[in-house]
Amino acid sequence: ITRMSQAGLDFGLALREAQEAGYAEADPRNDVEGIDASYKLAILATLLIPRVMGRTEDAKRAAAKAQISNIDSALQLYKLDNGNIPTTEQGLKALVERPASGPAAPNWKAGGYLPKVPVDPWGGPYKYTTPSTQGGEFEIISFGADGVPGGEGKNADIVSWDLDRN
């Protein structure tokens with residue numbers, strides 16, 4: 001907030017942008033759930049601070065990486081509770097709503113593991129696949145600014161198994 005005021009940014013404007021992007025609740029008083037709020041603050045900071053320096057695409061890529069890490073953590077919690085991860089068919093929706101089909105989730109946490117199925121900073125869905133094409137348990141992909149597989153620079157994919165790449 002101090003950096004925002006020093007840079008002449010209005011907090012209300014920043015909050016409205018975060019709400020429109022889905023990173024904040026319509027009524028901020030509803031958005032005080034510990035870790036959820038801290039993730040949203042981290043994402044908001046990664047979007048705002050580089051914007052001051054004219055680096056919006058860098059900020060979006062950083063936000064996508066933060067979201068993918070958050071989804072990865074939610075999947076790990078799901079696995080700890082239920083002994084498995086959601087199938088590709090169950091998708092990330094299984095982190096928000098108890099799966100109605102596929103492998104059972106006997107200890108699914110009331111309220112879910114994420115408040116809603118996230119979309120990437122460009123408004124596209126994250127692709128969730130299990131197993132990973134790289135041999136891991138799963139992978140989460142954002143297709144970047146262009147929304148299609150592949151690409152370079154701002155259009156490069158952001159993948160859970162290689163977050164340090166771009």
Exercise for the section: With sequence neighbours left out, write down each residue that passes side chain to side chain contact (heavy atoms under 4.5 Å, CB included) with A145, or none if nothing qualifies. Expected result: E57, W122, K154, N155

Exercise for the section: Could you tell me which residues satisfy side chain to side chain contact (heavy atoms under 4.5 Å, CB included) with S160, sequence neighbours excluded, listed by chain and number? Expected result: I68, E139, I140

Handout entry: W108 and D81: CA distance, side-chain angles, deciding distance, side-chain contact (heavy atoms from CB on, under 4.5 Å) verdict
Key = CA-CA 7 Å; W108 192 85; D81 287 349; over 6 Å; no

Practice task
Could you check if a side-chain atom of V117 sits within less than 4.5 angstrom of a side-chain atom of Y126, using non-hydrogen atoms only?
Solution key: no

Problem - Check: N82 main-chain N/O paired with N107 side-chain donor or acceptor under 3.5 Å - result: no

Exercise for the section: Kindly give the cluster partners of W161, where membership spreads through any ILVMFWY side chain lying under 4.5 Å from a current member. Expected result: I141, F143, V159

Exercise for the section: Could you grab the distance from atom CG of D162 to atom CD of Q134, nearest 0.5 Å is fine? Expected result: 8.5 Å

Practice task
With rounding to the nearest 0.5 Å, note down the distance linking CG in D120 to NZ in K65.
Solution key: 13.5 Å

Exercise for the section: Using side chain to side chain contact (heavy atoms under 4.5 Å, CB included) as the criterion, list what pairs up with A74, not counting sequence neighbours. Expected result: L95, Y113, L114

Fill in the blank from the handout: Residue set satisfying side chain to side chain contact (heavy atoms under 4.5 Å, CB included) with P103, at least two apart, ordered chain then number -> N84, T87, Q90

Fill in the blank from the handout: Across all chains, not counting sequence neighbours, the salt bridge (Lys or Arg N to Asp or Glu O under 4.0 Å) partners of K127 are none

Practice task
Mind running side-chain contact (heavy atoms from CB on, under 4.5 Å) on L77 and K109 for me, showing each step along the way?
Solution key: CA-CA 9 Å; L77 289 172; K109 183 177 103 176; 5.5 Å; no

Practice task
Considering non-hydrogen atoms only, spot the tightest contact between Y78 and A105 and give its length.
Solution key: OH-CB, 3.4 Å

Problem - Side-chain touch L75/P86, heavy atoms, less than 4.5 angstrom - result: yes

Fill in the blank from the handout: residues 87-108 vs salt bridge (Lys or Arg N to Asp or Glu O under 4.0 Å), sequence neighbours excluded, gives K93-E97

Exercise for the section: Evaluate the side-chain proximity of P118 to I71: yes if any heavy-atom separation is below 4.5 Å, no if none is. Expected result: yes

Completion exercise
Rounded to the nearest 0.5 Å, the OH atom of Y128 sits from the OG1 atom of T88 at a distance of 6.5 Å

Exercise for the section: Report yes or no: does R61 contribute a side-chain atom to a donor-acceptor pair with the main-chain N or O of A156 at less than 3.5 Å? Expected result: yes

Fill in the blank from the handout: Sorted by chain and residue number, the salt bridge (Lys or Arg N to Asp or Glu O under 4.0 Å) partners of K79 (sequence neighbours excluded) come out as E137

